[in-house]
Amino acid sequence: MKLENEIINIVRDVLVLGDRADDFNASTALMGDIPEFDSMSVVAIITALEDEYGCVFEDDEITAEVFKTIGSLTQLVESKL
């Protein structure tokens with residue numbers, strides 16, 4: 001749960017969502033549901049995650065499925081820790 005909250009905060013900060021992200025949880029849809037979430041956002045979020053957790057995401061790991069929900073994004077980060 002702690003990692004999930006950290007991911008939510010990173011998404012909130014990168015997309016500048018403010019209190020709109022207060023109710024985010026593992027099932028919150030990302031790609032296609034949040035207007036600010038576009039291809040440039042994907043790059044910015046990946047960069048923020050790599051900086052925060054000291055990991056590297058390979059190109060083949062960055063798929064639409066990973067960015068489907070907060071939970072799927074959290075699972076990817078968890079697999080790197």
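Just so we're clear, the structure is a prediction, and the values are computed from it rather than from any experiment.
Other residues, nucleotides and ligands place no more than 12 heavy atoms under 6.0 Å from the CD atom of E65.
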Exercise for review: Could you walk me through whether F24 and L17 pass side-chain contact (heavy atoms from CB on, under 4.5 Å), step by step?
Suggested key: CA-CA 11 Å; F24 281 14; L17 297 174; 3.8 Å; yes
Practice item. Starting from the C-alpha separation in whole Å, work towards a yes-or-no answer on side-chain contact (heavy atoms from CB on, under 4.5 Å) for F67 and V11. Key: CA-CA 11 Å; F67 289 94; V11 169; over 6 Å; no
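Residue M40 holds its CE atom at 12.0 Å from CD1 of I45, rounded to the nearest 0.5 Å. To the nearest 0.5 Å, atoms CD1 (I8) and CG (L3) are separated by 10.0 Å. Between N5 atom CG and N25 atom CG the span is 10.0 Å, to the nearest 0.5 Å. To the nearest 0.5 angstrom, I70 atom CD1 is 4.5 Å from L30 atom CG. Note that CD of E4 and CG of L73 are 10.5 Å apart. Values are rounded to the nearest 0.5 Å. We find the OG1-CD1 distance between T28 and I34 to be 7.5 Å, quoted to the nearest 0.5 Å.
Tracing side-chain contacts under 4.5 Å through hydrophobic residues (I, L, V, M, F, W, Y), one never reaches V16 starting from F37; they form parts of separate clusters.
Applying the side-chain hydrogen bond (donor to acceptor under 3.5 Å, both in side chains) test to pairs two or more places apart or on separate chains, those with a residue in residues 49-59 are E6-Y53. Among residue pairs with one or both ends in residues 35-47, those qualifying as side-chain hydrogen bond (donor to acceptor under 3.5 Å, both in side chains) are R20-E36, D38-S41; sequence neighbours excluded.
Between D22 and R12, the closest heavy-atom pair is OD1-NH1, 2.8 Å.
A donor-acceptor pair is defined here as one N or O able to donate and one able to accept, closer than 3.5 Å; no such pair exists between the side chain of K68 and the backbone of M31.
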